[in-house]
Amino acid sequence: MMKKNIRNLAIAGLFSLTPLAVHAAPVDLSSWTELTLNYPGGQGPGNWVLEPGNTAVEQVINADPSFFLNNQNLSSYTVDGTWKVKTSGDDDYMGFVFGYQNSSNFYLFDWKQASQGYVGRTATEGMTLKKFEGATGDGLVDLSLEEFWENQVDFGDMSVLATNHSSTKGWVDNIEYTFHLEYNLTPGDIHIVISQGATELWNVTVNDTTFASGQFGFYNNSQSNVRYAGFEVTPVPEPETYAMLLAGLGLVGFMARRRKAVVA
């Protein structure tokens, strides 16, 4: 009977080790912090306004590149939530930052509504996954507005990792979109799914090992009234953690066998 019970515990333990994120309640955003990269001649700082309940926030200013960061250095996590633009008065960038090290080093997903020239570069309508690798961090930004605006080719400290561009790929005013991110669940993998209701708009996976951990956050550039709501940020234990727990289960089995031999 004891052997059967130990076996059942071991099996239950194995199932509990399945490396899947369990979705929690929407994140309380009240501890997140805003950061705007202000540039001479730019558009000023963003203004991130929390809604009652602290599970939704809206950036209400047509600002320079602006972030709303979770202040947690996570190495492996999933993210789910919705976001939309609540105005028809502009057509610029909204998106997300992850693997964030400092204001010069991070991954960025951005989405442009319409093609447009600005600061000497032309942004194309659609989605882009980028990597920024500057030489300095917060307070000493080694990036330029041109690097944020460019979304077709590598430029300066910005590298394009993947694109989903065309004349019909821009976001639509007042439409809610779903964002899903799997970050570093498989070492180096960035998996993003963008959906509108049941319609999948982009499903992309790239592998890049530059930033193995970092903060997650919301992002927009030269775009006001972008609302983010109901986000779940779920850490996933690293493979080493599972290996240690599996080893522990193996030890339990060994102890059970040893006890049986002694009793016999």
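- In terms of heavy-atom proximity, Val119 sits nearest to Glu146 at O-CG, 3.0 Å.
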Q. Between Met127 and Ile194, is a side-chain contact (heavy atoms from CB on, under 4.5 Å) present by the stated rule, with each step listed?
A. CA-CA 10 Å; Met127 309 177 199; Ile194 308 298; 3.9 Å; yes

Q | CA sep, side-chain torsions, deciding dist, call: Phe67, Tyr219, ring pair (Phe, Tyr, Trp, His ring centres under 6.0 Å) | A | CA-CA 5 Å; Phe67 306 91; Tyr219 163 83; 5.4 Å; yes

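- Side-chain atoms of Glu147 come within 3.5 Å of backbone atoms of Ser144 as a donor-acceptor pair (strictly under, hydrogens ignored).
- In this structure, Tyr39 and Leu143 have side chains that are in contact, with non-hydrogen atoms separated by less than 4.5 Å.
- Note on Val204 and Trp83: same hydrophobic cluster, where clusters join Ile, Leu, Val, Met, Phe, Trp and Tyr whose side-chain heavy atoms are under 4.5 Å apart, directly or indirectly.
- Note: the hydrophobic cluster containing Val226 also contains Val27 (ILVMFWY, side chain heavy atoms under 4.5 Å, direct or indirect links).
- Both Phe216 and Val57 belong to a common hydrophobic cluster when Ile, Leu, Val, Met, Phe, Trp and Tyr are linked at side-chain heavy-atom distances under 4.5 angstrom.
- In this structure, Glu125 contributes its side chain and Gly170 its backbone to a donor-acceptor pair below 3.5 Å.
- Put simply, the side chain of Asp64 does not reach to within 4.5 Å of the side chain of Leu37, judged on heavy atoms.
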Q: Tell me, with the steps shown, if Glu200 and Val193 meet side-chain contact (heavy atoms from CB on, under 4.5 Å).
A: CA-CA 7 Å; Glu200 192 173 277; Val193 181; 3.7 Å; yes

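- Here the side chains of Ser222 and Gln43 are in contact, with some heavy-atom distance below 4.5 Å.
- Side-chain contact check for Val236 versus Thr78: some heavy-atom pair is nearer than 4.5 Å.
- Taking the side chain as every heavy atom from C-beta outward, Val97 and Phe68 never approach each other to under 4.5 Å.
- The hydrophobic cluster containing Trp32 does not contain Val60, counting ILVMFWY residues as joined when their side-chain heavy atoms lie under 4.5 angstrom apart, directly or transitively.
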Q | Phe96 vs Phe231, ring pair (Phe, Tyr, Trp, His ring centres under 6.0 Å): CA-CA, chis, key distance, verdict | A | CA-CA 12 Å; Phe96 302 87; Phe231 274 80; 5.7 Å; yes

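- With hydrogens and angles disregarded, no donor-acceptor distance shorter than 3.5 Å links the side chain of Asn70 to the backbone of Gly217.
- Summarising the geometry, atom OH belonging to Tyr77 is positioned 12.5 Å from atom CD belonging to Glu182; distances are rounded to the nearest 0.5 Å.
- For Tyr228 and Phe218, the distance between ring centers is under 6.0 angstrom.
- Aromatic ring centres of Phe106 and Phe211: separated by at least 6.0 Å.
- With sequence neighbours excluded, the residues that form a side-chain contact (heavy atoms from CB on, under 4.5 Å) with Glu176 are Thr82, Lys84.
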Q: Quick one: do Met94 and Val85 satisfy side-chain contact (heavy atoms from CB on, under 4.5 Å)? Show the steps, please.
A: CA-CA 8 Å; Met94 63 178 186; Val85 173; 3.4 Å; yes

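- Taking the ring centroids of Tyr93 and Phe148, they lie at or beyond the 6.0 Å cut-off.
- With hydrogens and angles disregarded, a donor-acceptor distance shorter than 3.5 Å links the side chain of Gln152 to the backbone of Thr122.
- Atom OG of residue Ser76 and atom CG of residue Leu185 lie 4.0 Å apart, to the nearest 0.5 angstrom.
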Q | Step-by-step side-chain hydrogen bond (donor to acceptor under 3.5 Å, both in side chains) determination, Thr36 to Ser66 | A | CA-CA 4 Å; Thr36 300; Ser66 189; 2.9 Å; yes

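- Pairing each heavy atom of Asp90 with each of Trp171, the nearest pair is O-CH2, 3.7 Å.
- In this structure, the side chain of His191 does not engage the main chain of Tyr183 through any donor-acceptor pair within 3.5 Å.
- Checked by atom type and distance alone, the side chain of Asp154 pairs as donor or acceptor with a backbone atom of Val160 at under 3.5 Å.
- Side chain of Asp142 to backbone of Ala135: a donor-acceptor contact under 3.5 angstrom is found.
- Separating the OG atom in Ser224 from the CG atom in Asn47 is a distance of 11.5 Å, to the nearest 0.5 Å.
- The shortest side-chain heavy-atom distance between Leu74 and Gln215 does not fall under the 4.5 Å cut-off.
- Residues that satisfy the side chain to side chain donor-acceptor pair (under 3.5 Å) test with Glu58, not counting sequence neighbours, are Lys86, Asn225.
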Q. Can Leu201 and Trp111 be said to form a side-chain contact (heavy atoms from CB on, under 4.5 Å), step by step?
A. CA-CA 12 Å; Leu201 305 179; Trp111 193 0; 3.9 Å; yes

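- Under the 3.5 Å distance criterion, the side-chain polar atoms of Tyr177 are matched with a main-chain donor or acceptor of Val172.
- Minimum heavy-atom separation, Ser213 to Asn73: OG-OD1, 3.3 Å.
- Here Leu129 contributes atom CG and Ile192 contributes atom CD1; the two are 5.0 Å apart, rounded to the nearest 0.5 Å.
- Here CH2 of Trp48 is found 11.5 Å from CD1 of Ile61. Values are rounded to the nearest 0.5 Å.
- Looking at every heavy atom in both residues, Glu133 comes nearest to Thr210 through OE2-CG2, 3.3 Å.
- Of all heavy-atom pairs between Thr55 and Leu29, the closest is C-CD1, 3.7 Å.
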Q: In sequence, state the C-alpha distance, the side-chain angles, and the governing distance for Thr33 and Asn71, and then conclude on side-chain hydrogen bond (donor to acceptor under 3.5 Å, both in side chains).
A: CA-CA 7 Å; Thr33 57; Asn71 297 309; 3.2 Å; yes

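- Evaluation of the side chain to side chain donor-acceptor pair (under 3.5 Å) rule for Asp138 yields Tyr100, Ser103 as partners, not counting sequence neighbours.
- Side-chain N or O atoms of Trp149 include one that pairs as donor or acceptor with a backbone N or O of Gln116 at under 3.5 Å.
- The two atoms that bring Arg227 and Ala56 nearest to each other are NH2-CB, 3.7 Å, heavy atoms only.
- Applying the side-chain hydrogen bond (donor to acceptor under 3.5 Å, both in side chains) test between Lys112 and each of Asp92, Asn151, Thr124 identifies Asp92 as the sole match.
- Looking only at side-chain heavy atoms (C-beta outward), Thr87 and Gln223 come within less than 4.5 Å of each other.
- Residues Leu181 and Asp80 fail the side-chain proximity criterion, which asks for heavy atoms closer than 4.5 Å.
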Q) Do Ser195 and His180 pass the side-chain hydrogen bond (donor to acceptor under 3.5 Å, both in side chains) test, and can you show the C-alpha distance, the side-chain angles, and the key distance before you say yes or no? A) CA-CA 9 Å; Ser195 302; His180 174 75; over 6 Å; no

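- A donor-acceptor pair under 3.5 Å is formed between the side chain of Asn207 and the backbone N or O of Pro187.
- Linking Ile, Leu, Val, Met, Phe, Trp and Tyr residues whenever their side-chain heavy atoms come within less than 4.5 Å leaves Leu161 and Leu108 in two separate clusters.
- Between Asp173 atom CG and Ser88 atom OG the span is 5.5 Å, to the nearest 0.5 Å.
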Q) Does the pair Glu150 and Arg121 meet the rule for a salt bridge (charged side-chain N to carboxylate O under 4.0 Å, His left out), with working shown? A) CA-CA 6 Å; Glu150 175 62 57; Arg121 311 299 299 181; 2.9 Å; yes

